[in-house]
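We name chains A, B, ... by the order of the sequence lines, and we start the count at 1 in each one.
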Amino acid sequence: MTTPTPTPAADGHAPAIELRGLRKSFGTNEVLRGIDLAVEARQVVCVIGASGSGKSTLLRCVNRLEEPTGGSVLIGGIDITHPDCDLDLVRRNIGMVFQQFNLFPHLKAIDNVTLAQRQVLGRSASEARQVGLAVLERVGLTEKADAYPAQLSGGQQQRVAIARALAMNPDMMLFDEATSALDPELVGDVLEVMRQLAGEGMTMLVVTHEMGFARRVADHVVFMDEGVICEQGPPEQVLEHPATPRLQQFLEQVLEH
Amino acid sequence: MSDLTTDQLGPGKTPVPELYRSGRAKRARSRAYRLAAYAIGLTLLVAFGLTADWATIGEKYFDLERAKELFPEIVTVAAKNTLIYTVLAFVLGVVLGLSAALLRLSSIRPYRWAAAIYIEIFRGLPALLTIVFVGFITPIALGIRFPEVLGVSSAGIVALGLVAGAYLAETIRAGIEAVPPGQVEAARSLGMTHGQTLRKVVVPQAFRIVVPPLTNELVLLLKDTALLAVLGVTIDQKELTKFGRDAGAQGFNGTPLVVAGLLYLAITIPLTRLVSVLEKRNRVSR
């Protein structure tokens with residue numbers, strides 16, 4: 001599969017996330033065609049691009065929800081595409097937020113945020129509840145602790161989903177088009193929570209269509225096109241002075257709305 | 001039905017153009033069909049009422065004196081045993097069904113095969129044959145005697161549980177497959193293991209989805225306990241059908257079976273009502 005590269009995580013020099021020549025095919029359809037990318041600790045990297053450009057697949061390869069077909073993924077210097085790597089241990093440190101929220105519908109908000117704490121981290125019921133209420137407060141939903149997901153608006157559900165990931169005290173967070181399924185008036189609350197997280201120094205890899213968020217919050221913007229990184233750099237450079245025609249065209253289309 | 005024409009709507013309504021007047025003929029036709037259906041139904045009922053030998057039926061099947069003699073044993077022994085058979089076989093069936101469903105969805109091929117073979121055999125065999133095989137052949141083959149459980153024959157429970165498990169496996173599998181893949185992804189992304197994800201996220205949701213069909217299977221199972229009448233059982237182990245048949249054997253009287261039938265209905269009708277209530281509730285919350 002891949003060559004083992006057991007760089008110790010503790011050396012402090014390894015990026016939080018590093019992709020080396022990452023490839024992914026679905027059958028004969030090659031969605032990722034050799035991606036090299038590094039996300040440093042406390043950095044916010046936004047990935048933009050048209051639908052079908054492979055940006056969600058890239059994100060899903062970072063915690064191996066999608067199995068890469070080539071290249072490697074290093075988390076804190078550890079090659080998680082190595083066959084011996086225990087994915088469950090890696091994933092507990094990588095929070096993920098999905099486009100469709102994917103809250104557990106049979107559990108109340110508070111139980112959504114305590115389930116994995118208890119199952120994975122072995123926290124006691126009272127400790128998990130304490131942490132759970134604290135993270136719900138961070139997303140502004142303490143009073144919804146006893147509500148079921150179906151009783152919450154889309155924006156509230158997504159904030160609970162963020163809280164669920166935060167409850168694990170992750171080293172980094174992945175956002176997969178976290179606001180794309182929301183009604184326009186609910187997008188702001190979720191972006192605000194994400195902005196707040198970024199301000200607190202959370203390492204974030206964000207796939208998004210929100211150019212305003214990318215411009216204001218990102219340290220680094222990556223434009224993907226047809227499975228490769230087409231252009232990347234600081235937001236001012238990438239978003240204000242696109243170098244390639246593809247990116248110019250994409251930005252024109254997005255900003256028209 | 002809004003085939004209303006101007007005539008019915010009364011004065012003040014805009015007249016319907018000639019082209020759309022065919023609505024009246026359609027209404028007349030559907031009325032004629034309905035009346036014809038009522039006439040056929042009524043005729044059949046009257047014909048049955050006139051030709052049936054009510055005196056004999058009353059004597060052979062609705063003999064109140066004989067009916068009274070059945071109580072309280074038909075409830076305290078027979079109906080109770082029917083319920084015990086049903087509940088225990090259902091519990092066994094759910095355990096077997098859930099296991100088979102999970103094996104069927106396993107990524108390991110021999111597991112899938114084993115589950116498929118079990119499901120196909122016990123869904124394909126008539127339940128009556130399964131009962132005979134389990135009740136009469138396994139004791140000989142394995143040299144064991146089925147013990148009594150809660151006062152009933154465990155052979156019956158095992159046989160019905162095996163049959164129910166095969167049906168329930170497919171129902172539960174459908175429920176598991178109906179849980180969106182995003183649920184598994186969310187759980188795994190939090191670091192939960194495959195097993196934790198199944199236990200805490202997938203199976204609880206799958207069971208919510210399959211409660212209506214599961215209740216349906218319970219009703220079918222309850223009726224299938226009647227097949228246990230083929231097993232030789234002690235007096236205290238008789239379920240409703242066996243009890244009814246044996247009680248009617250002297251003098252060839254069907255009254256005990258009629259009473260048994262009424263007792264079945266007293267259990268199954270509330271259950272089927274429950275199923276439709278659950279189905280309605282499921283539809284609303286989706």
Side-chain angles (χ1 to χ4, degrees), chain A residues 56 59-67 80 86-107 111-122 128 148-151 157-158 160-176 181, chain B residues 94-95 97-98 101-102 105-109 112 168 171-215 274-275 277-286:
Chain A
S56 279
L59 195 75
R60 291 162 58 84
C61 281
V62 171
N63 65 356
R64 273 180 65 191
L65 279 187
E66 220 64 80
E67 203 59 56
I80 68 159
D86 184 345
L87 274 184
D88 296 328
L89 285 179
V90 174
R91 284 174 175 155
R92 63 171 71 168
N93 292 321
I94 308 176
M96 183 155 188
V97 177
F98 300 85
Q99 183 177 351
Q100 299 297 339
F101 330 135
N102 297 351
L103 285 182
F104 305 132
H106 61 301
L107 300 177
D111 297 324
N112 263 280
V113 296
T114 54
L115 177 66
Q117 293 187 60
R118 302 191 57 190
Q119 296 288 316
V120 177
L121 304 178
Y148 282 93
Q151 298 166 317
Q157 289 190 51
Q158 192 60 297
V160 173
I162 294 173
R164 175 175 68 178
L166 289 177
M168 303 295 286
N169 307 111
D171 297 332
M172 61 198 75
M173 294 276 287
L174 310 176
F175 291 85
D176 187 4
Chain B
V94 168
V95 171
L98 179 59
L102 291 175
L105 294 169
S106 161
S107 55
I108 299 160
R109 196 169 295 158
R112 292 205 300 271
L168 290 170
T171 309
I172 294 172
R173 180 172 72 126
I176 290 175
E177 286 180 332
V179 176
Q183 291 292 308
V184 175
E185 292 180 352
R188 297 307 299 270
S189 79
L190 289 162
M192 290 172 69
T193 63
H194 177 70
Q196 286 169 337
T197 304
L198 275 183
R199 280 198 306 281
K200 297 292 179 179
V201 175
V202 177
V203 171
Q205 291 186 58
F207 267 100
R208 240 153 264 244
I209 294 167
V210 299
V211 162
L214 228 51
T215 318
L274 180 67
V275 174
V277 169
L278 291 172
E279 273 172 349
K280 213 166 284 170
R281 218 178 52 182
N282 242 2
R283 225 175 300 139
V284 172
S285 70
R286 251 142 223 291

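- Looking at A:Q119, the atoms closer than 4.5 Å to chain B (heavy atoms on both sides) sit in the backbone and in the side chain alike.
- With chain B as partner, the option from A:L107, A:L87, A:L103 having the largest number of non-hydrogen pairs under 4.5 angstrom is A:L103.
- Contact of A:F104 with chain B is made through backbone and side chain together, with heavy-atom distances under 4.5 Å.
- The candidate with the highest count of non-hydrogen atom pairs below 4.5 Å against chain B, out of A:A116, A:G95, A:P170, A:A165, is A:A116.
- Here the straight-line distance linking atom CG of B:L190 with atom CZ of A:R91 works out to 10.5 Å at 0.5 Å rounding.
- Heavy atoms of A:L174 lying under 4.5 Å from chain B are absent altogether.
- By the 4.5 Å heavy-atom criterion applied to side chains, A:L115 and B:M192 are counted as neighbours.
- Among A:R64, A:M96, A:R60, the single residue meeting the side-chain contact (heavy atoms from CB on, under 4.5 Å) criterion with B:S189 is A:M96.
- With sequence neighbours left out, A:R118 forms a salt bridge (Lys or Arg N to Asp or Glu O under 4.0 Å) with no residue at all.
- Of the listed residues (A:I94, A:V97, A:V90, A:D88), the one with the most heavy-atom contacts under 4.5 Å to chain B is A:D88.
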